[in-house]
Amino acid sequence: PKSLTKVLSRLSKRGDPGAAMRVFEWAERGGEELNVYHYSCVIINLGRHARAEEARTVFTRMLARGVHPNLVVYNALMSAFARDGQWARAVEAFSDMQREGLAPDRISYNTLVSALGRGGETQRAAAACAEMRTAGLTPDHVTFSALVSACEESGDWEGASALYREMGECQVVADAVTFNALISVCAKARRWEEAWEMYTEMEQLGVKPTIVTFNALLNACAQSNEWQRASDVFAMIERASLQPNTLTYNSLISCYAKGGKWDLAMDVFWEMRDADVIMDVVTFSALIKACARGKQWEQAILVFGEMRAMGVAPNARTFTSLISACERGGQGQQALEVFEEMRRMGV
RNA sequence: UAACUAAUUGCCUAA
């Protein structure tokens, strides 16, 4: 039974929801004694992929089999709803859990706060945090990070920095994820100065930045049109002994796309190729956008061709940028052809 | 910067 759990959890960590599911169903059919650990693995796995309905189905099947759900199962179910954007159903699961006589723990509250935050319900998220205190649990760095992230959608950087101050008052120590979230809020609010301030604060406190930190800073450059600073931020990555990833390069390309620097964006593309970093649909869409803004429709078409050659499937956003590139270049006929190709591809 | 622990919570990109 323990080894079956290990297999299930390993399969889900490798990001293969189908495989874990098949193993689970095979074990179920084989008359294997399935316990709460097995069910939780599957629910967690489905939840990670925002497949809330299936998670819910497994949950009911578990009840039908007479296996009693514990806190972990309820927390996982809430998380599944949260990822699927169904905060109301996460709240419902939270009440169900209480009705079953289970006392929500810190993770339950954190999951609830996160579910509400993702749903843009910042007021309710704050209320959940207050309720957590009433229940005798103290919010931790995870709670605060979730609350900070809840400020991102609205770009409420002032609310986020108020939370940061509150953390200090509560003696909760901010970690890298907290700072990354803070930087992201500033990025969203197009506040480069504040984003940079958060980074320096982080450095002063001796909190080690991660690649996400630099990705968020690069995004802050892009949003605030500070493309001149992008190469400096990028250079900091190597000094921190970190590896740039696809998101890093994509954000860097976005900096140059916003600034209309299509040639610099293309340089990033070559660098990405040399570094053997995987290029995805975002990479190419951002490049095409850079070409569009730089009035380089022919280059945009070339990039699109490269994308197809590499087997990366374009989506609606890719085509939007490509069509815009053609239109800006006064290539109405070309734009129409691109449009028709999009239709043919069923996008 | 050790290792160990059957499962659950917070961070980044192209409109």
Side-chain angles (χ1 to χ4, degrees), chain A residues 1-10 12-13 35-45 47-48 55 69-80 82-83 90 104-115 117-118 125 132 139-150 152 160 174-185 187-188 195 198 208-223 241 245-255 257-258 265 280-290 292-293 314-321 324:
Chain A
K2 279 200 186 187
S3 49
L4 178 59
T5 314
K6 277 200 171 160
V7 169
L8 288 171
S9 82
R10 280 205 66 105
S12 29
K13 285 208 171 116
N35 62 30
V36 70
Y37 286 94
H38 304 132
Y39 282 101
S40 60
C41 279
V42 175
I43 292 170
I44 289 156
N45 184 14
R48 287 207 177 118
N70 59 14
L71 266 187
V72 173
V73 171
Y74 275 108
N75 293 347
L77 189 62
M78 287 169 61
S79 171
R83 287 212 168 84
D105 64 359
R106 183 181 268 142
I107 294 183
S108 313
Y109 278 103
N110 288 347
T111 310
L112 184 65
V113 168
S114 157
R118 280 167 194 257
M132 178 177 186
D140 63 1
H141 60 291
V142 175
T143 323
F144 278 103
S145 304
L147 287 169
V148 167
S149 293
E152 197 177 326
D175 67 359
V177 174
T178 317
F179 281 109
N180 295 346
L182 285 162
I183 293 169
S184 297
V185 175
K188 181 65 189 273
M198 280 301 169
K208 251 196 184 339
T210 66
I211 189 62
V212 176
T213 312
F214 294 107
N215 293 350
L217 276 175
L218 284 171
N219 184 31
C221 292
Q223 299 301 330
S241 311
N245 59 25
T246 301
L247 262 64
T248 316
Y249 286 104
N250 290 352
S251 302
L252 191 54
I253 291 170
S254 288
C255 290
K258 276 248 166 68
D280 63 8
V281 60
V282 177
T283 313
F284 289 102
S285 303
L287 276 170
I288 291 170
K289 192 191 166 180
R293 295 190 71 122
N315 62 21
R317 292 193 196 189
T318 319
F319 281 110
T320 304
S321 296
S324 127

Any residue meeting side chain to side chain contact (heavy atoms under 4.5 Å, CB included) with A:N35, in chain and number order, not counting sequence neighbours
A:P1, A:Y37, A:H38

Would you say a side-chain N or O of A:Q223 is under 4.0 Å from OP1 or OP2 of B:C12?
no

Whole angstroms only, please: what is the [atom1]-[atom2] distance between [X] and [N]?
X	N	atom1	atom2	value
A:N245	B:C11	CG	P	16 Å
A:N315	B:U13	CG	P	16 Å
A:L252	B:A14	CG	P	13 Å
A:F214	B:U13	CZ	P	17 Å
A:R293	B:A14	CZ	C1'	12 Å
A:L182	B:C12	CG	P	12 Å

Are [X] and [Y] side-chain neighbours, meaning at least one heavy-atom pair lies under 4.5 Å?
X	Y	answer
A:T111	A:S108	no
A:S79	A:R83	yes
A:P314	A:F284	no
A:N250	A:D280	yes
A:S254	A:K258	no

List the protein contact pattern of nucleotides 5-10 of chain B with one symbol per nucleotide (5' to 3'): B for base contact, S for sugar-phosphate-only contact, - for none; contact means a heavy-atom distance under 4.0 Å.
-BBBBB

So A:S254, base contact, sugar-phosphate only, or nothing? Heavy-atom distance under 4.0 Å.
sugar-phosphate

